[in-house]
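Structure first, commentary second.
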Amino acid sequence: MAKKVALLQGNEASAYGALYAGCRFFGGYPITPSTEVAEVMAVELPKVGGKFIQMEDEIGAMASILGASLTGAKVLTASSGPGMSLKQELIGYACIAEIPCVIVNVMRGGPSTGMPTGPSQSDIMQARWGTHGDHPTIALVPASCQEIFTETVRAFNLAEIYRMPVQVLLDEINGHMRERIELPEPGELEVLDRAAPSVPPEQYLPFDPSVGDVPPLAAFGSGYRFHVTGLNKAPDGFPTTRAELVDAEERRQLRKIEAARDLIEKNEEYLLDDAEVAVIAFGTISRSARHAVNALREQGIKAGLFRPITLWPFPERRVAELAKQVKGMLVPEMNLGQLVLEVERVVKGACSVSSLTRVDGEPITPDQIMEQIREVC
Amino acid sequence: MSRRYELRFSGAGGQGLITAGIILAEAAAIIENQYAVQSQSYGPEARGGASKSEVIVSDGPIDYPKATLVDACLALTQEAADKYSDTIKSGGLLLVDEDFVKAPPQGDFKVVRLPIINTAKNDLGRAIVANVVALGAMVALTGVVRRESGEEAVLRKVPAAFAELNKKAYNAGYDRVKALLG
């Protein structure tokens, strides 16, 4: 049978990916350039028995998906710029209470209202550190409309399996651009669900470390009752200040991601085998980089592309290995130099690291990347 | 390297240029199974302001999704012609509305003048289909998709009640170019 194909925007692809993954609740508040995610969910969710709610603001939207997730639903919200700033407090709540949820952030210029119709990649450190306190982070950065679909499905899987918020970072360009997508049939992509408790309600502890680093989450309404709080808590979910419990809890939450790096990290390596210079780029700008790498290769310059698809946790080990192979790395990004800090941190001086930044509302072009690489080489 | 063909539809916000780009991308990517990417940029205002939509068509996967050197550019307003014609490829094409772009920019490209908006207004009775007239003209000028593919994509996009009007608009644009170029 011929594959179902469609010309879809990245934002639309993200919404259809969420539906494919089994998302049945969307709480949101429209904001450019993310609004199409909400528009598709508003049309499609009622058809599959799901619920769409436009809340009073982004804080309420984030709160609504946490409540819905606690009933067992797979949940999504989408926002941008100042909307993402408002969501940060409740993203922290999702981290500490370990509530699975997916957040699509279609990045635009900032800070504050910034440039609503301009593309940006300036929220990558916000995705890592935007909410206060130590916490694990998973953020995915797909580049094409097809990949936005599949990575949104993967975001749901990761949220459910690791019981935490997962962000999908797009930008105004790949959120709004349209490409041909082959829509996977049900069963074609892996769809994972959160683990259910294996003990009866009277024995259930929502944060029981003895069952592993990701304790099963019971659904409200299924007979299990437990306490949910933003305070540090004991295994039974009630607040505690006992030093050893707080310490163990915080370390477990980071460990659940650190220990699973191999399962979470995902990169694409392009023409790196014999590369002397590596471009480290993600999302829309990785497409400029690929164009530049191809053109440079034709001119005899041994360039390659390393493209994180999982941005957080950052692929530290692989980038460190690469730094021993190449003479230099170039990090082009639509912000004033955020990812380059992470690259420098893991490269530790093993090769030169050069930064290329742009924040005028236009993408970094292949020409800009080629020019800077020629200077480095 | 794959063959990359770049088109730009430009004018004022509200003229339907993003829709024209989407229809062309649909014709190329879905109907003809070519590779295509459609993107756009516009100001925050819903109407007015310079607006552009770009479509890249290729026989292989497309990396950079925006135009680099444009093979064919449409401009429905003087502002858009002045702002967006600077990256037309040497030997490329610029299609302008002859009534609204009084002073087409000069460069190493061919300028084609057509009364696009007035064709929609006077011949078809609806200025709103100027974008579809323009689409038909761009398809005729560039041959980037087949005539029938463009028409089919138009019909897929518009509501049934407006199918006939849009079909006429598309073919009016196509035929006007063919008549002009002989």
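Labels below follow one simple rule: chain letters A, B, ... track the order of the sequence lines, proteins then strands, and each chain is numbered from 1. None of these values were measured; they are calculated from a predicted model.
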### Task
Using a cut-off of under 4.5 Å on heavy-atom pairs, state which of A:Arg180, A:Arg178, A:Gln9, A:Met177 scores highest against chain B.
A:Arg178

So for [X], is it side chain, backbone, both, or neither that comes closer than 4.5 Å to the heavy atoms of chain B?
| X | result |
| --- | --- |
| A:Ile285 | neither |
| A:Ile364 | backbone |
| A:Ala292 | neither |

For [X] and [Y], work out which heavy atoms get closest and say how close.
| X | Y | value |
| --- | --- | --- |
| B:Lys66 | A:Pro363 | CG-CG, 4.1 Å |
| B:Thr19 | B:Asn131 | CB-ND2, 4.0 Å |
| A:Thr32 | A:Thr35 | N-OG1, 3.6 Å |
| A:Pro332 | A:Ile369 | CG-CD1, 4.0 Å |

### Task
Could you tell me which residues in residues 87-120 of chain B have at least one non-hydrogen atom under 4.5 Å from a non-hydrogen atom of chain A, sorted by residue number?
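Residues of residues 87-120 of chain B touching chain A at under 4.5 Å: none.
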
### B:Arg4, part contacting chain A, at a heavy-atom distance under 4.5 Å
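Side chain only.
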
### Summary
If one checks every heavy atom of B:Ala36 against chain A at 4.5 Å, the contacting part turns out to be backbone

### Task
Tell me whether the centres of the aromatic rings in A:Tyr20 and A:Phe149 are closer together than 6.0 Å.
yes

### Query
If we ignore angles and hydrogens, is there a donor and acceptor under 3.5 Å between the side chains of B:Thr68 and B:Glu6?
yes

### Query
For A:Glu151, what residues pass the salt bridge (Lys or Arg N to Asp or Glu O under 4.0 Å) criterion, not counting sequence neighbours?
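By the salt bridge (Lys or Arg N to Asp or Glu O under 4.0 Å) rule, A:Glu151 matches A:Arg154, A:Lys266.
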
### Carboxylate-amine/guanidinium contact A:Arg374 A:Glu371, below 4.0 Å
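Judged by the 4.0 Å cut-off on N to carboxylate O distance, A:Arg374 and A:Glu371 do not form a salt bridge.
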
### Summary
Which of A:His291, A:Arg287, A:Arg290 passes side-chain hydrogen bond (donor to acceptor under 3.5 Å, both in side chains) with B:Asp63? Answer is A:His291

